[in-house]
Amino acid sequence: MTKILKRSNAPIFWGLFGAGGMLSALFVPMMVFITGIAIPLGFLLPAGTMSYPKMLAFAQNFIGKGFIFAIISLSLWFAAHRVYHSLHEFGIHAGTGAKLLCYGIALAGTVVSASVLLRIGF
Amino acid sequence: MEIFKADVVIVGGGGAGLRAAIAVAESDPSLTIALVSKVYPMRSHTVAAEGGAAGVKKPTDNLDYHFHDTVGGGDWLCEQDVVEYFVKQAPVELTQLEHWGCPWSRTEDGHVNVRAFGGMKIERTWFAADKSGFHILHTLFQTSIKYPSIKRFDEHFCIDLLEEDGRCQGIVAIAMGTGELMMIEGKSVIIATGGAGRVFRESTLGGIVTGDGMALAYRHGVALRDMEFVQYHPTCMPITGLLFTEACRGEGGYLVNKDGYRYLQDYGLGPLQDQPKNKYMELGPRDRLSQAFWYEQQKGRTIEHPILGSVVHLDLRHLGEARLRERLPLIYEMAETFMGIDPAKEMIPVRAGVHYTMGGIKVDGKCAASLPGLYAIGECSSVGIHGANRLGSNSLTEIVVFGKLAGDEAANYVKSVAPGNSASLLKQAEAIEQRVTALKTKTGGTERISVIRKEMAKSMEDGCGIFRKEESMQATCDKLAELRERFKNINLDDKSSVWNTDWLMAIELDYQLDVAQTMAHSAINRKESRGAHQRLDGPDEAYKQRDDVNFLKHSEAYYVPGSAPRIAFGDVKITKSQPEVRVYGAAGEKADAERKASHV
Amino acid sequence: MSEQKIIEIEVLRYNPETDQEPHLELFKVPFTDDMSVLQGAQYIKDNFDGSLTFRWSCRMAICGSCGMMINGIPKLSCETFLRDYYPNRIRIEAMSNFPIEKDLVVDLSGFIEKLESIKPYIIPREPRTLEQGEYIQSPEEFNKYIQFTSCINCTLCYAACPQVGLNPDFIGPGAMALLHRYNMDSRDGGAAQRMELVASEEGVYNCSAVAYCSEVCPKHVDPASAVNINKANAAKDYFLRFLSPKGGSK
Amino acid sequence: MSKRKPYVRSMDGWWKKNPYFVEYMIHESTALFVAAYVFILLVGVVRLGQGEAAWNAWLEALKSPLSVVCHLVLLAGAVYHTYSWFKILPITMPPVIVGGKKLAPEVLTGTALVVAAAAGLALLALVWRIAL
Ligand SMILES: Cc1cc2nc3c(=O)[nH]c(=O)nc-3n(C[C@H](O)[C@H](O)[C@H](O)COP(=O)(O)OP(=O)(O)OC[C@H]3O[C@@H](n4cnc5c(N)ncnc54)[C@H](O)[C@@H]3O)c2cc1C
Ligand code: SF4
Ligand code: F3S
Ligand code: FES
């Protein structure tokens, strides 16, 4: 075979996709439950669980900060990758445009969360 | 017409053809090889072989044992010098397959394992679970991809050989995808087209096993040798003919009749053994087992099944599910999907079915046919190792041993010959094109090929079955002559070019009719019983016996245009084994001991 | 013989010399309980229309010729039985994701090229002469690859995989299973050479883990796992390049 | 001239043609649910960075019935994502050999789901601790 093979850059996106998929599979359901259902309804968790000081402290904590960042950014990369693939699957071959849009949003989300978390300080 | 020029043309992409192609490529990378096959190589019928390939492996075994098993198994109709070469090369070639990646089943310590097989004195059958042929074929096919000098013509159907200056110089083929013809020139041609068992009805064979190569060589004046010897396999699935490998018995399966009785002990294969014992009971040779089935049927001791007909039972239950799944996974699945039977819990109904053509294109010990430049290997050939009855697991070994030899021989041969005259070859090819195209386009015929095919198969079964008689064989000969006539009056439904399988099947049928005639006429002329050819007639039933005085001879069928074949007889090469009574079981052991004593 | 029943078989017909596009044709086929879909097709060819075109040979699910869509699902027609569909109508079509040549015959040349491109042969880790005998392989070593040797090249997995349909250049599940078979064989040392293809744009990342390929595989090869395990391998190779000058392929 | 004319069938609507593909599309779509939630979370983080008032407004917004209903839907999507992610785990990771035998896919998926449940509960416990 003399066909010239071009190396795919997919590993980067695929790696982010895999990490995001795994992380969100492990934690997102419980997070949705906590922030979107239990807290608003005052159900199960003590009142004030997510009060400003507590959350600020959490976000300033090294581990807390890392966790929030990882969940947000990686999940976005995961979703972007899947959506990009699904577009292809629906026969929308927008090519680079779709790619830029999908991964662009993920990148933007990553940058925003990183900058906010950094600004919050340690 | 498209033209391709090769040094060596190989017709057939089964185990034999692939092994030959690799041999040519390895012996001289500068030679161009055209590998022509009517199916993708991995679809070839080698794929269906289950049990394994014989080659001396154990320290307790030796080449002499393998030699004697083979020659005795073949009822002394073997070319003994060729058998000597065969048994010597067997382990080498099987090891070569291992090096190429063949996943032979192994022992716990990581060495290749061997299993028992019918008619073999010692375990020497290399196996890859029960998919030995599949793994051999895929290993060879995949390995062949490594060699750039092998140019494949997949799904190309060979319709004739080109002969000029008294030597074979190429072939003409139909590219099935377009329906167009092409000429492939070659300084030598190796035929490796496999067997012809599809001329029968109930067989273990794939749809492609139609004897094409045999008919091609035959029409060019090469003899078809020992064609009357057609092997029935004793354990086939009724109706479909699908095979339950001999390894079922090698692993310890029993054959029982309707009373649950292991009837083989009544047919010179006893005494009864609990554990599988080589050359005893279920591990006797195939011809004997199939004949025993026939006798049981005559005695009314087979099971009469409403749909399946007369059957006996293959009992594997005592082996247990775990062992069956490990050693016979394909068999397990086949019984489940095709018959809805769990072999660990129920017995499997089986009967004898056509399995192998011992005879074929007559070649010498170097695979060369009488037409210079033409070679033949594998099941389509008669190199002389199977005699009147092939031992199970010798033919997978045959395809690699003689595939290699023919490849080397052909590679050598082409260096000595000058290129042919393309223009006159092309003229021949164009004449061939007209002939086969006419078959397709002609109108006004009234015969359906499927009807002729079915009548042929039925007639072959009636006349050339496990046991044979003069009248029924004559009836078959007459029927075949009639069908040859009727074939001229066929009409095809499909007159198109692209992928016209109707057309290809008509050409195959034409080949089959030739091959069937050689079988029936060779059979009627052999007035004795030997190996797979068993007669019940003759003055005072004399033909029931083996007759070494008159028939320790190969039959040779020669083509006579527009008529039945001419049958001649040729000598058998004997080196170190004089014909003896062919006995198995306890009697066999005794004979072995006596032979040893007298030889020392 | 058991009582004869009649089953309706609808066949997707296409004759490139007369048809613009495929169309369905209905046949009424008498059948017995032991008849496969393949035998149904043969019955049609023998008795109704000799021009019906399909591939077959072994009838025992080992040669890999007879794949087709049976009621929309890729199956080997020789081991699929008419009785399981009766009394409903059964529809047979050429395998999805391949161009149709004629009736049930598809163009397999693309698949064959892929198969040839993966170097499906032992590239010896340590050369060995025939006199030295066989390579030794422990049961553990053997078990690592044996499952992937069972592929019969039937291409049902290609007919099942939408990514193959969407991008015909995708190397696809069956060929990847075979590639993995050699990579996992202790006799072989060619994994690095094969990586170029695995990691290429035609390679494993076209797969979105639909996994239907493994679902339809008649030989339980699990090609989906072969493809997906190699995503991780290719990723490792991709990043390793940056770490060591020797690591990874080009 | 060759009379070949291979016919290429359209892929339009392929995913509607087989229940297996419909399921695949549903599980692919769970990414949108995850993304939607993460987006809400991102807004929360931004609001947190903007100070207490902004944060409390975000918390307040989450209390609207619409929000709660939305989160119930998101929860369903996220749980399905977890389920489907681990269902394909057996093909996406190298085989796990236990006692010389490959672990059955069901066992692997089951184990992973148990791990996921444990991870969720651990998270809940952690939040509880922070709360106290
Ligand atoms: C079910 C079964 C089980 C068996 N089990 C065993 C076993 O356990 N051990 C054993 O030793 N033997 C076994 N055998 C026998 C053995 O498998 C065969 O004898 C052997 O594989 C034949 O190989 P071959 O290469 O000669 O032919 P094949 O493998 O049949 O190949 C023939 C080739 O020729 C090509 N061809 C034919 N005609 C044409 C044409 N006109 N134009 C172009 N190409 C053509 C075909 O496409 C094919 O590629 C078994 C046989 C069967 C049927
Ligand atoms: S992996 Fe399975 S489905 Fe795919 S070609 Fe091989 S045997 Fe067929
Ligand atoms: S179906 Fe196709 S997308 Fe991947 S897992 Fe199988 S190759
Ligand atoms: S005919 Fe060989 S696989 Fe079906």
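Numbered from 1 within each chain, the chains take letters A, B, ... in sequence-line order.
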* What is the distance from atom CD of Glu89(A) to atom CD of Gln163(C), rounded to the nearest 0.5 Å? -> 4.5 Å

* **Pairwise distance CZ(Phe17(A)) to OG(Ser208(C)) - rounded to 0.5 angstrom** => 8.5 Å

* To do: Report yes if some heavy atom in the side chain of Arg7(A) is under 4.5 Å from a heavy atom in the side chain of Asp237(C); otherwise report no.
  => yes

* Asked: Hey, does Glu202(C) have a side-chain heavy atom less than 4.5 Å from the side chain of Lys6(A)?
  -> no

* **Heavy-atom neighbours of Lys144(C) NZ exceed 12 at 6.0 Å** => no

* To do: Start with the C-alpha gap between Trp14(A) and Val204(C), add the side-chain angles, then the distance that decides, and say whether side-chain contact (heavy atoms from CB on, under 4.5 Å) holds.
  => CA-CA 11 Å; Trp14(A) 177 79; Val204(C) 285; over 6 Å; no

* Hey, mind stepping through Tyr238(C) and Asn9(A) against side chain to side chain donor-acceptor pair (under 3.5 Å) and telling me if it holds? -> CA-CA 8 Å; Tyr238(C) 186 89; Asn9(A) 283 319; 2.7 Å; yes

* Between Ala234(C), Gly203(C), Ala232(C), which has the largest tally of heavy atom pairs under 4.5 Å with chain A? -> Ala232(C)

* Closest heavy-atom pair and its distance - Leu166(C), His88(A) -> CB-NE2, 3.6 Å

* Asked: Of the non-hydrogen atoms in Pro11(A) and Ala235(C), which two are nearest, and what is the gap between them?
  -> CB-CA, 4.0 Å

